[in-house]
Number of protein chains: 2
Amino acid sequence: MSVSSPSEPDSPGAQHSPHVPDVPEEELKVCAVCGDRATGYHFHVMSCEGCKGFFRRSILKGVHFTCPLARSCPITKAKRRQCQACRLQKCLDVGMRKDMIMSEEALSQRRALRLQRRLAQARPAGLTAEQQELISILIAAHKRTFDSSFSQFQHYQPAVRLCIPGPCSPSPPGPGVPLASLSPPLEYLDEDVLPDVFSMLPHFADLSTFMIQQVIKFAKEIPAFR
Amino acid sequence: MSVSSPSEPDSPGAQHSPHVPDVPEEELKVCAVCGDRATGYHFHVMSCEGCKGFFRRSILKGVHFTCPLARSCPITKAKRRQCQACRLQKCLDVGMRKDMIMSEEALSQRRALRLQRRLAQARPAGLTAEQQELISILIAAHKRTFDSSFSQFQHYQPAVRLCIPGPCSPSPPGPGVPLASLSPPLEYLDEDVLPDVFSMLPHFADLSTFMIQQVIKFAKEIPAFR
DNA sequence: ATCAGTTCACAGCGTTCA
DNA sequence: TGAACGCTGTGAACTGAT
């Protein structure tokens with residue numbers, strides 16, 4: 001590409017360009033379609049707001065214009081509105097890409113997401129200050145008592161690793177039939193393993209006790225329980 | 001729809017005037033035909049509502065006026081109705097363009113489209129904006145997840161083509177019974193094939209799983225499910 | 001900062017009706 | 001006939017995601 005002129009203040013890779021609003025914005029930014037002042041790259045082409053909007057609308061609506069003349073109308077800032085057919089053709093000629101326009105699907109998806117956020121933000125507005133307070137209390141209590149890393153459960157590991165012959169049995173990888181995998185085949189359970197299951201009852205009791213304690217701890221954090 | 005623009009040397013404020021509230025609203029807006037107060041550009045010429053309507057009607061009806069005098073009647077706001085021939089001539093002289101008047105064809109097309117929209121809009125009038133939005137979300141989700149070409153089902157074709165010997169008895173190809181063409185000649189179907197029906201159960205299971213997955217996919221597209 | 005989409009006031013077309 | 005109005009494309013100014 002051309003070497004930047006000496007007057008170019010904000011060369012690419014400039015460190016802090018402290019936003020030079022007064023600098024004579026050289027007219028390198030010219031719309032490739034109509035010659036109007038461009039505002040940046042749109043759909044891969046340096047172009048103005050007008051041609052940007054025109055291209056998106058035209059593609060999105062899927063219209064097909066017809067030039068009343070010889071399909072070679074000059075496209076300038078002043079004349080660009082005279083012939084839509086030639087304007088759209090010029091857009092394509094200079095390389096505007098249809099595929100950079102979001103599909104109607106992607107748009108509705110994006111809109112739905114935004115609507116959801118709006119609603120989520122508007123919802124808590126309908127709550128009273130008291131309700132807000134209660135929510136934050138509950139969240140705080142949960143945070144303080146919930147062992148998200150499960151590190152406390154380390155103390156309750158059984159001394160002997162017990163392998164339950166469940167779904168991880170040496171069965172051939174089925175052709176994607178998850179529903180059937182919920183019931184392990186009984187053939188793999190033999191009598192030798194069963195006695196150990198009963199020996200773990202005390203262990204489960206301890207575990208249950210611990211978990212109940214956790215719930216009580218949580219409840220105690222909530223003022224309403226007093 | 002093409003929109004006319006000011007003449008090519010883009011005059012100041014030709015586009016959206018960047019809001020100049022203090023500018024003395026000089027009556028630069030003068031009809032180029034009759035001198036009346038103009039309401040904007042019409043058919044490429046700054047003109048009043050009267051000359052605008054007159055020009056369109058005249059062209060549309062294709063009439064040909066004749067001046068009773070010397071074809072040089074003065075056209076002013078007060079006298080413009082006196083001579084249609086000279087008024088139309090003046091319109092053309094100052095540059096009004098016939099080609100900016102929509103053809104009867106384009107008009108009827110536009111009218112039909114509008115009528116259609118009226119009817120479509122009268123129907124869902126009982127729905128709130130929120131409901132409308134929900135509908136479009138559902139439609140978008142369906143479009144995105146429904147495999148209208150059923151191309152995905154290609155993966156679930158049974159390895160062996162199975163023909164179910166149904167009600168079509170060994171009759172000669174009846175005249176004009178296209179449904180029969182779906183089942184190949186029965187001579188090729190013997191008893192050996194029937195047991196295979198049961199062997200296809202896993203296949204149906206896979207198929208069901210796939211379809212359930214599709215339904216889940218659809219549900220996930222709906223924000224309310226989060 | 002850039003570049004997608006979104007908003008909205010306006011320009012200019014046709015339409016209506018007194 | 002023409003003032004008032006409805007409708008749609010336009011583009012400057014915005015929001016928002018990256």
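In this text the structure is predicted, and so the values were computed from the model without any measurement. All chains are named by letter (A, B, ...) in the order of the sequence lines, taking the proteins before the strands, and each is independently numbered beginning at 1.
Using a 4.0 Å heavy-atom cutoff across all strands shown, B/R56 reaches at least one base atom of the nucleic acid. Within the 4.0 angstrom heavy-atom criterion, only backbone atoms of the sugar-phosphate kind lie near A/R110; the bases stay farther away. Within the 4.0 angstrom heavy-atom criterion, only backbone atoms of the sugar-phosphate kind lie near A/K61; the bases stay farther away. Residue contacts shown for B/E104 are absent, as no nucleic acid heavy atom lies under 4.0 Å away. When heavy atoms are screened at a 4.0 angstrom cut-off, A/G53 is found touching no nucleic acid atom at all.
Taking side-chain N and O atoms only, B/R87 has a distance below 4.0 Å to OP1 or OP2 of D/dG2. Remark: A/R114 is not in phosphate contact with D/dA17, judged by side-chain N or O atoms under 4.0 Å from OP1 or OP2.
Checking D/dT1, C/dC3, C/dT6 against the side-chain heavy atoms of A/Y41 singles out C/dC3 as nearest. Picking from D/dT1, D/dT10, D/dA13 the nucleotide with the shortest atom distance to the side chain of A/K52 gives D/dA13. Side-chain proximity of A/M100 to C/dC3, C/dA4, D/dA12: nearest is C/dA4. Distances were taken from every side-chain heavy atom of A/H42 (C-beta onward) to each of C/dG5, D/dA3, C/dA4; the shortest belongs to C/dA4.
With hydrogens and angles ignored, the 3.5 Å screen pairs no side-chain donor or acceptor of A/S58 with any backbone N or O of A/R56.
Atom CZ of A/R111 is separated from atom P of D/dT15 by 18 Å (rounded to the nearest Å). Counting to the nearest Å, the C1' atom of C/dA4 and the CG atom of A/L107 are 10 Å from each other. Between the CG atom of A/D99 and the C1' atom of C/dA4 there is a distance of 13 Å, rounded to whole Å. Taking atom CD of A/Q109 as the reference point, atom P of D/dA17 lies 14 Å away to the nearest angstrom. Look at CD on A/E49: it is 14 Å from P on D/dT15, rounded to the nearest Å.
By the 4.0 Å N-to-carboxylate-O rule, B/R111 lies close enough to B/E104 to be salt-bridged with it.
Using bins of under 30°, 30° to 60° and over 60° for the plane-to-plane angle, the ring pair B/F43/B/F55 lands in the tilted bin.
Taking the ring axis of B/F54 as reference, the NZ or CZ atom of B/R87 stays within 45° of it and closer than 6.0 Å to the ring centre.
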